[in-house]
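Counting begins at 1 with the first residue of the sequence.
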Amino acid sequence: MVKLRLKRCGRKQRAIYRIVAIDVRSRREGRDLRKVGFYDPIKNQIYLNVPAILYFLEKGAQPTGTVYDISKRAGVFTELRPNQQIKFN
């Protein structure tokens, strides 16, 4: 199963995160399938590759809670087909 989740990057005390599509069994810094976004909580900057996120969501990927909140704030789910439901764990 594929999840959309955060991958930690950056220095100590200065974390930034990549939003990646990754296999569930991989560890946090494991090999990802594709990078689909970027999140900097300190500067509150968000970059999302919306077509890539929609592609993985349509294929059945599940976003984590934090990625779901970030994507919802950016309006990603308004571009999904109306009959498609997204659940997160």
Value rounded to 0.5 Å, distance of [atom1] in [X] from [atom2] in [Y]:
| X | Y | atom1 | atom2 | answer |
| --- | --- | --- | --- | --- |
| R34 | L4 | CZ | CG | 11.5 Å |
| F38 | C9 | CZ | SG | 8.5 Å |
| I22 | K7 | CD1 | NZ | 6.0 Å |
| L6 | T64 | CG | OG1 | 5.5 Å |

Looking only at heavy atoms, what is the nearest atom pair of [X] and [Y], with distance?
| X | Y | answer |
| --- | --- | --- |
| A52 | V36 | CB-CG1, 3.7 Å |
| I70 | I46 | CG2-CG2, 3.8 Å |
| R8 | Q13 | NH2-N, 4.4 Å |
| L48 | A74 | CD1-CB, 3.5 Å |
| P41 | A15 | CD-O, 3.7 Å |
| L57 | P63 | CD2-CD, 3.9 Å |

Please answer: with hydrophobic residues joined when any side-chain heavy atoms are less than 4.5 Å apart, are Y68 and L54 in the same cluster?
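Yes, one cluster joins them.
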Under 4.5 Å between side-chain heavy atoms, hopping through other hydrophobics if needed: is there a path connecting V76 to V20?
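No, separate clusters.
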Between T78 (side chain only) and G75 (backbone N and O only), is there a donor and an acceptor less than 3.5 Å apart?
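Side chain of T78 to backbone of G75: a pair is present.
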R14, CZ atom: more than 12 neighbouring heavy atoms under 6.0 Å
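Count over threshold, so yes.
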Would you say CZ of R11 has more than 12 non-hydrogen atoms from neighbouring residues, nucleotides or ligands within 6.0 angstrom?
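Count not over threshold, so no.
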Look at D23 together with R5 and state whether they make a salt bridge at an N to O cut-off of under 4.0 Å.
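The answer is no: the pair does not qualify as a salt bridge.
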Show every side chain to side chain donor-acceptor pair (under 3.5 Å) that has at least one partner inside residues 43-54, sequence neighbours left out.
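Those involving residues 43-54 do not exist here.
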